[in-house]
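What follows is a short report on a single structure.
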Amino acid sequence: MLTVTIEPLGDVVTLRCVGRIVRGQETAVLCAAVQQHARNLVLDLAGVDAIDAAGIGVLVSLQAAGIYLKLVNPTRQVREVLRVTKLETVFEICELQSTVEALQEGVAMERSEYIERVLT
């Protein structure tokens, strides 16, 4: 089962995920949490021990819908899935979450860069 803890700070919302992001209830929980909050999201994946194609599909579809996702602290298993699927170049991934303030400062600039990359 996936649990998501929501930590808002200004324009950025951090979603701390613990469990598995896999087909079924888990992906539904993540989608519901994302859709109820900001457009700039930090997904803390330190507690995620498994992700499957459905979980990856959710991340991709959320980003395609205009929700900027910054993935932080991915576990080795999650990082490997992102590498194999070549999605580590699509998402911004941080190995260690710096302070939330630093993330918040960078989101506006990164989002404009992302939009510019999508439009070109």
Side-chain angles (χ1 to χ4, degrees):
M1 186 58 145
L2 178 69
T3 58
V4 179
T5 304
I6 300 159
E7 297 176 9
L9 180 64
D11 291 340
V12 178
V13 175
T14 298
L15 301 179
R16 298 199 190 283
C17 302
V18 176
R20 305 168 348 138
I21 302 175
V22 296
R23 176 187 295 275
Q25 185 65 25
E26 287 83 357
T27 54
V29 166
L30 182 58
C31 284
V34 167
Q35 291 174 354
Q36 291 178 0
H37 297 284
R39 291 294 213 198
N40 297 322
L41 296 172
V42 174
L43 258 54
D44 186 343
L45 303 175
V48 175
D49 52 20
I51 189 167
D52 67 1
I56 291 294
V58 166
L59 297 180
V60 170
S61 64
L62 290 170
Q63 185 116 342
I67 298 171
Y68 181 80
L69 300 175
K70 183 176 216 173
L71 310 180
V72 297
N73 304 322
T75 59
R76 185 176 5 190
Q77 191 274 344
V78 171
R79 181 64 128 157
E80 181 63 14
V81 170
L82 292 169
R83 185 190 67 75
V84 167
T85 58
K86 306 225 185 298
L87 290 173
E88 62 187 358
T89 60
V90 172
F91 295 104
E92 181 175 357
I93 302 170
C94 299
E95 290 303 321
L96 297 173
Q97 184 176 9
S98 55
T99 64
V100 175
E101 291 81 16
L103 290 170
Q104 189 173 17
E105 289 172 10
V107 166
M109 183 177 76
E110 292 157 1
R111 183 174 180 160
S112 67
E113 290 171 358
Y114 167 74
I115 292 169
E116 187 174 310
R117 187 173 64 221
V118 168
L119 294 176
T120 56

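Computed over heavy atoms, backbone and side chain alike; hydrogens, waters and symmetry mates excluded.
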[X] side, atom [atom1]; [Y] side, atom [atom2] - distance, nearest 0.5 Å:
{"X": "L82", "Y": "L71", "atom1": "CG", "atom2": "CG", "value": "6.5 Å"}
{"X": "S61", "Y": "I67", "atom1": "OG", "atom2": "CD1", "value": "8.5 Å"}
{"X": "L45", "Y": "L15", "atom1": "CG", "atom2": "CG", "value": "9.5 Å"}
{"X": "R20", "Y": "T3", "atom1": "CZ", "atom2": "OG1", "value": "13.0 Å"}

**OP:** Evaluate the side chain to side chain contact (heavy atoms under 4.5 Å, CB included) criterion for residues Q77 and I51: first the C-alpha distance (whole Å), next the side-chain angles of each, then the deciding distance (0.1 Å), finally the verdict.
**Re:** CA-CA 8 Å; Q77 191 274 344; I51 189 167; 3.8 Å; yes

[X]-[Y] co-clustered via ILVMFWY side chain contacts under 4.5 Å:
{"X": "L2", "Y": "V60", "answer": "yes"}
{"X": "V78", "Y": "I56", "answer": "yes"}
{"X": "L62", "Y": "V29", "answer": "yes"}
{"X": "V90", "Y": "L43", "answer": "yes"}
{"X": "V18", "Y": "V81", "answer": "no"}

Original post:
Which pair of non-hydrogen atoms, one from L30 and one from C17, has the smallest distance, and what is that distance?
Top reply: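 Heavy atoms only, the tightest pair is CD1-SG, 4.1 Å.
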
**OP:** Taking all non-hydrogen atoms of both residues into account, name the closest pair between C94 and P74 and its distance.
**Re:**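 Heavy-atom minimum between the residues: O-CD, 3.5 Å.
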
**OP:** Would you check, one step at a time, whether the test side chain to side chain contact (heavy atoms under 4.5 Å, CB included) holds for R16 with T14?
**Re:** CA-CA 6 Å; R16 298 199 190 283; T14 298; 4.1 Å; yes

Original post:
Is K70 salt-bridged to E92, going by a charged N under 4.0 Å from an acidic O?
Top reply: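 A salt bridge links K70 with E92.
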
Subject >> Verdict with supporting geometry, R79 and I93, side chain to side chain contact (heavy atoms under 4.5 Å, CB included) >> reply: CA-CA 9 Å; R79 181 64 128 157; I93 302 170; 3.3 Å; yes

**OP:** Could you tell me whether a side-chain N or O of T75 sits under 3.5 Å from a main-chain N or O of V48, the two making a donor and an acceptor?
**Re:**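 Checking the backbone N and O of V48 against the side chain of T75, a donor-acceptor pair under 3.5 Å is found.
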
Original post:
Any donor and acceptor pair, going by atom type alone, linking the side chain of D52 with main-chain N or O of R23 inside 3.5 Å?
Top reply: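 Yes, D52 side chain to R23 backbone: donor-acceptor pair under 3.5 Å.
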
**OP:** Apply the test side chain to side chain contact (heavy atoms under 4.5 Å, CB included) to residues R83 and E80: give CA-CA distance (whole Å), side-chain angles for both, the deciding distance (0.1 Å), then the verdict.
**Re:** CA-CA 5 Å; R83 185 190 67 75; E80 181 63 14; 2.5 Å; yes

